[in-house]
Amino acid sequence: MNRTHYCGEVNGKQNNGEAVTLCGWIQRRRDHGGLIFIDLRDRTGLVQLVIDPDIAGDYFVLGEKARPEYVIQVTGKVSLRPEGQENPNLATGDIEIYITEMEILNEAKTPPFLIEDNVDCDENVRLKYRYLDLRRPELQKNMKLRHDLTMKIRNYLDKSGFWEIETPMLTQNTPEGARCFLVPSRVHQGEFYALPQSPQLLKQMLMISGMDKYFQIVRCFRDEDLRADRQPEFTQLDIEMSFVNREDIMSLMENMMAEIYRDLMGVEIKTPFLRLTYADAMERFGSDKPDLRFGMELKDISDIAKESNFKVFAANVEKGGVVKGINVKGGEHFSRRELDDLTKYAGIFGAKGMAWMVVIGGEDKVKSPIAKFFTSEQIDAILERLSAEKGDVLMFISDNYETTCNVLGNLRNEIAKRENLIDPNENNFLWVVDFPMFEYDDEEQRYAAKHHPFTSPMDEDLDKLESHPDEVRAKAYDMILNGVELGGGSIRIHRSEVQSKVFGLLGLSKEDAIENFGFLLNALQFGTPPHGGIAFGIDRMVMLMTQRKSIRDVIAFPKTQSAACLTTNAPGAVAPKQLRELGLELRKKDEE
RNA sequence: GGCGCAGUAGUUCAGUUGGUUAGAAUGCCAGCCUGUCACGCUGGAGGUCGUGGGUUCGAACCCCAUCUGCGUCGCCA
C-alpha cells in the first residue's frame with residue numbers, strides 16, 4: 001500500500017496538479033454513461049473522483065463495476081473543479097481527482113442502511129451491523145473525541161504527578177452496592193471472581209503502598225438494569241491521592257475540566273465551580289444533581305398551607321410532611337389536559353396528586369380547584385413566597401420531605417424541557433457537597449451508605465456517628481454538569497477503628513466485616529495516609545460533550561437494554577464440557 | 001419486577017369499518033446517459049405483515065400469550 005493522502009485532507013491550495021493515491025470506501029457512484037463520479041470516503045471525509053475514459057483508459061470498466069461500500073485504492077491527479085462545478089457542501093468541494101489507476105481491493109454486499117449521518121434506522125439493525133454504523137461520520141467523530149478526551153486526561157494527570165496503575169479485573173466479590181458480574185473459577189471449583197464495580201479498595205490500598213497519586217481509565221461492571229445513560233460495562237476515570245483534603249481534589253478536578261473544555265471544545269469554563277450543599281440542592285432544586293441552567297426554584301409554603309382549610313395539605317404538614325411549590329413563569333397557556341398530564345408525570349415519582357394555581361390577577365387573583373380553601377391573605381402570601389405575577393402557573397406537591405423535593409425536582413426538569421428554558425450550549429458545572437453519610441433502607445430495615453462505606457464522615461459530625469447516624473454528613477462531593485452527575489468522590493476513612501465502626505452502623509457484624517473486608521481493615525493498620533479521590537464517567541462525559549441523548553452513541557460496541565450485544569450475540573450458551581471444567585451444572589428451567 | 005411506545009419489502013413508512021392480487025418512497029438489479037454531487041430517464045425483482053394461539057365465512061387490522069428494541073420507575077454503595 002502506498003497511500004499518500006487521506007480523502008478529506010486533499011486540498012486545492014496545496015495539492016493542485018499533484019498525483020495522489022487514496023484508499024477508502026465508495027460512498028456513492030454517479031454513472032453518466034461516458035463519465036463516472038465516485039465519492040470516496042475514509043475517516044477524514046469525502047472526495048470526488050472522476051473516471052474519464054480518455055484519462056482512466058481501461059480502468060473505466062472498474063468504475064462501472066464499482067458499488068457502494070466497495071473498498072478501493074486509486075491514483076489520480078488533483079484538479080480544481082471547472083468553473084461553477086464546486087460543491088460548497090463538501091470540505092474538498094473545490095477539487096476532484098482524475099483517476100489514472102484504480103484497484104478494487106474488496107467488494108461489499110449492499111449495506112442494510114445508508115452509511116451517512118441522520119439515517120433514520122431501527123436501532124436493532126444498527127446494533128447488529130455496528131461495524132457499518134461506526135462508519136458514519138458522526139460516530140467516527142464521537143470516537144475521535146473520546147480518544148482526544150482520554151489523551152487529554154492522561155496528559156493532564158501525568159503532568160500533575162499521577163501514575164497510571166492497572167488493577168485486576170478478576171477480583172473479590174463484596175456485598176453492598178451494585179450487583180456484580182461473577183466469573184467462575186476453574187482452579188477453585190465452586191468459587192467465583194467478581195468483575196469490579198470500581199477499583200475502590202484497590203486504589204485505597206495503592207495509597208497505603210505510598211503511590212501517592214494514582215489514576216486509571218478503567219472498565220467497570222455493574223449487573224443492574226440499563227438506561228439511556230447506563231451500560232453494564234462502562235469506563236471510569238478513577239483517581240486517588242494521598243495527603244489531600246476535599247478542596248485539593250476539587251480544585252485539581254475543576255482545572256482539569258476547564259482545560260478539557262478549553263482545548264477540546266473551545267469553551268472557557270469559570271473556576272472555581274459553585275459549591276452547593278446537598279441540603280441546599282434538595283431544598284432549592286429537589287435534586288442532588290440540579291440543573292442550574294434555569295431557575296424555577298422550589299419554595300416551601302408549609303407554614304401557610306398548615307393554616308388553610310385544604311385538608312390534604314394541612315393534615316400532611318401536621319404529621320411532619322411539607323408543601324412545596326414551583327412557579328412556572330408565563331405558564332398560563334397550559335391547558336387542563338397538560339396540567340393533568342404533568343400530574344400523571346408527578347405520579348411516576350410517587351406524588352399522590354398535584355395542585356395548581358393559575359395567577360389571573362384581579363379580584364379572584366388565582367384560578368384553581370383549591371383556591372376556595374385559602375383565605376385572600378393566604379393566597380397573597382403564597383403569591384409573594386413564589387414571586388408570582390399574572391400569567392404564571394404555580395404547582396404544588398405535598399408529601400414527606402424527600403418525596404416532595406424529588407417530585408418537584410423532576411417536574412422542574414420536565415417543565416424546563418417542555419417550555420424550552422434550557423440553552424443547549426451552556427455548560428453549567430457545580431459541586432454538590434456535604435452529602436449525608438447514610439440513608440435509611442426501608443426494605444432492608446437498616447442504614448446504607450449514601451456514597452460508599454469507605455467515605456469519611458465530617459470531623460464535626462464524628463460524635464453523632466452512633467447517636468444520630470442520620471445527621472452525619474460525609475466528606476463527599478459530586479461534580480454536576482447540566483443536571484448530570486459526571487463524577488463523585490470523597491475523602492476516605494484512613495483509620496481502621498473508624499472503618500470498623502461504620503461497618504457496624506451499616507449492620508455488618510464483626511465476623512462479616514472481617515470475612516468481606518478483613519483485608520482492608522488489616523491494611524488500614526499498616527500506616528495509612530489520609531487520602532481521597534474521585535471517579536468520573538467517561539462515557540457520560542463524552543455524551544455531554546457531543547450532546548447525544550444516549551450513551552450508546554459514544555461507545556463502540558454498546559449493549560442493548562437487556563444487556564445483550566447484538567453484534568456478537570453475547571451472552572451465549574456454552575458447551576457442556578466448559579461447564580464440567582468449571583464444576584457448574586445448569587438448573588433446568590422447569591425446576592425453578 | 002412495574003408502566004409506556006414500537007415491530008408490514010434491504011431501509012423508512014402508509015395501509016380506511018375486518019373484505020379483490022398488501023402499497024409508496026428509497027435502496028437493489030438491468031438498459032440508456034460526458035459535469036453529476038440525494039444525478040437523470042426507462043424497465044424489473046423484492047413480503048413468514050416479529051412469533052404462537054384464538055375469534056370469524058374471512059385477520060396486517062380484533063382478543064390472549066410471547067419475543068425483540070427503545071424510554072422510564074424500582075434498582076444503580
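Owing to the predicted nature of the structure, the values given are computational and were not obtained by experimental measurement. Per chain, numbering begins at 1; letters A, B, ... match sequence-line order.
If you measure from atom CD of A:E116 to atom P of B:G27, you get 10 Å, rounded to the nearest angstrom. Rounding to whole angstrom units, CD of residue A:E414 and C1' of B:G71 are separated by 12 Å. Taking atom CG of A:N124 as the reference point, atom C1' of B:C5 lies 14 Å away to the nearest angstrom. Atom CD1 of A:I38 is separated from atom P of B:A38 by 16 Å (rounded to the nearest Å). One atom, CG of A:D52, and another, P of B:U34, lie 11 Å apart when rounded to the nearest Å. In this structure, A:R548 places its CZ atom 13 Å from P of B:G71, rounding to the nearest Å. Atom NZ in A:K559 sits roughly 13 Å away from atom P in B:G69 (whole-Å rounding). Distance A:R29 CZ to B:C39 P: 11 Å, rounded to the nearest Å.
Aromatic stacking is not marked for A:F113 over B:U11, as the cut-offs of 5.5 Å for the centres and 30° for the planes do not both hold.
For the P atoms, the distance from B:U20 to B:G58 is 15 Å, rounded to whole Å. Going from the P atom of B:A60 to that of B:G15 covers 16 Å, rounded to whole Å. Nucleotides B:G1 and B:U56 have their P atoms positioned 35 Å apart, rounded to a whole Å. Here the separation of B:C13 from B:G18, taken at their C1' atoms, is 22 Å to the nearest Å. Atom name P, nucleotides B:G19 and B:C61: the rounded distance is 11 Å, in whole Å. B:U11 sits 28 Å from B:U72 when the C1' atoms are compared, rounded to a whole Å. B:G47 and B:A9 are spaced 10 Å apart, taking the P atom of each and rounding to whole Å. B:C64 and B:U26 are spaced 39 Å apart, taking the P atom of each and rounding to whole Å.
The shortest side-chain heavy-atom distance between A:F536 and A:Q236 does not fall under the 4.5 Å cut-off. Inter-residue side-chain proximity for A:R126 and A:R136 is flagged as met; some heavy-atom pair is nearer than 4.5 Å.
Contact annotation: A:R230 does not reach the phosphate of B:G74 (side-chain N/O to OP1 or OP2, under 4.0 Å). For B:G71, one of the phosphate oxygens OP1 or OP2 lies less than 4.0 angstrom from a side-chain nitrogen or oxygen of A:Q561. For A:Q197 and B:C76, the shortest distance from a side-chain N or O to OP1 or OP2 is not below 4.0 Å. Distances shown here put a side-chain N or O of A:S562 below 4.0 Å from the OP1 or OP2 atom of B:G69. An OP1 or OP2 oxygen of B:A38 is reached within less than 4.0 angstrom by no side-chain nitrogen or oxygen of A:R28. Between A:R227 and B:C73 there is a side-chain N or O to OP1 or OP2 distance below 4.0 Å. OP1 or OP2 of B:G69 sits under 4.0 Å from a side-chain N or O of A:T560. Remark: A:R30 is in phosphate contact with B:C39, judged by side-chain N or O atoms under 4.0 Å from OP1 or OP2.
A distance of 8.5 Å separates CD of A:E402 from OG1 of A:T404, quoted to the nearest 0.5 Å.
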Identify all pairs in which a protein N or O lies below 3.5 Å from an N or O of nucleotides 31-33 of chain B, and state each distance.
| unit_1 | atom_1 | unit_2 | atom_2 | d |
| --- | --- | --- | --- | --- |
| B:C33 | N3 | A:D31 | O | 3.0 |
| B:C33 | N3 | A:G33 | N | 3.3 |
| B:C33 | N4 | A:D31 | OD1 | 3.4 |

Pairs: protein N or O with nucleotides 43-46 of chain B N or O, under 3.5 Å:
none

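With a cut-off of 3.5 Å on both Watson-Crick or G-U wobble distances, the partner of B:A25 is given as B:U11. Partner assigned to B:C32 is B:G40, using Watson-Crick or G-U wobble distances below 3.5 angstrom. The partner of B:A6 is B:U68, judged by Watson-Crick or G-U wobble contacts that both fall below 3.5 Å. The pairing partner recorded for B:G46 is none, the criterion being a Watson-Crick or G-U wobble arrangement whose two distances lie under 3.5 angstrom. Pair assignment for B:G74 gives none, since no Watson-Crick or G-U wobble pairing has each distance under 3.5 Å.
Aromatic pair A:F234/A:F221: ring centres not closer than 6.0 Å.
Heavy-atom minimum distance, A:T92 versus A:V10: CG2-O, 3.6 Å. Taking each heavy atom of A:A476 and A:T455 in turn, the nearest pair found is CB-CG2, 4.2 Å. Looking at every heavy atom in both residues, A:P88 comes nearest to A:E86 through CD-O, 3.5 Å.
In this structure, A:P112 reaches the sugar-phosphate backbone alone: every heavy-atom distance under 4.0 Å involves primed, P, OP1 or OP2 atoms, never a base. The residue A:Y98 sits close to a base: some heavy atom pair falls under 4.0 Å.
Between A:E138 and A:K141 there is no salt bridge, since none of the side-chain N atoms of the basic residue sits less than 4.0 Å from a carboxylate O of the acidic one. We find that A:K344 and A:D341 are not joined by a salt bridge, their nearest charged nitrogen and carboxylate oxygen being 4.0 Å or further apart. The residues A:D94 and A:R81 are annotated as not salt-bridged, no charged nitrogen and carboxylate oxygen being separated by less than 4.0 angstrom. Here A:E240 pairs with A:R492 in a salt bridge; the nearest charged N to carboxylate O distance falls below 4.0 Å. Look at A:E107 and A:R67 and you find no salt bridge, because none of the NZ, NE, NH1 or NH2 atoms lies under 4.0 Å from a carboxylate O.
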I would like to know whether A:E497 and A:R495 meet salt bridge (charged side-chain N to carboxylate O under 4.0 Å, His left out); could you show each step before the answer?
CA-CA 6 Å; A:E497 67 274 16; A:R495 286 173 39 197; 2.9 Å; yes

Pair A:R552, A:E123 - check salt bridge (charged side-chain N to carboxylate O under 4.0 Å, His left out), show working.
CA-CA 10 Å; A:R552 295 186 297 279; A:E123 197 148 4; 2.8 Å; yes

Apply salt bridge (charged side-chain N to carboxylate O under 4.0 Å, His left out) to residues A:E116 and A:R28 and explain how you reach the verdict.
CA-CA 11 Å; A:E116 63 181 31; A:R28 219 178 235 109; 3.5 Å; yes

Go through the steps to decide whether A:E69 and A:R41 satisfy the test salt bridge (charged side-chain N to carboxylate O under 4.0 Å, His left out), and finish with yes or no.
CA-CA 9 Å; A:E69 301 310 315; A:R41 183 192 69 239; 2.8 Å; yes

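Both A:D39 and A:A449 lie near RNA chain B, and the one whose nearest nucleotide falls closer to the 5' end is A:D39. Each of A:R81 and A:E224 was matched to the nucleotide of RNA chain B holding its nearest heavy atom; the match closer to the 5' end belongs to A:R81.
Of the listed nucleotides (B:C28, B:G69, B:U36), B:G69 has the atom at the smallest distance from the side chain of A:L566. Proximity note for A:P68 (side chain, C-beta onward) versus B:G35, B:G71, B:C28: the nearest is B:C28. Between B:U36, B:G10, B:G69, one nucleotide has an atom nearer to the side chain of A:Q85 than all others, and that is B:U36.
In the interface, the side chain of A:D225 is paired with the base of B:G74 through a donor and an acceptor atom under 3.5 Å apart.
For RNA chain B, the residues of residues 342-352 of chain A within the heavy-atom distance limit of 4.0 Å (strictly under) are A:I348, A:F349, sorted by number.
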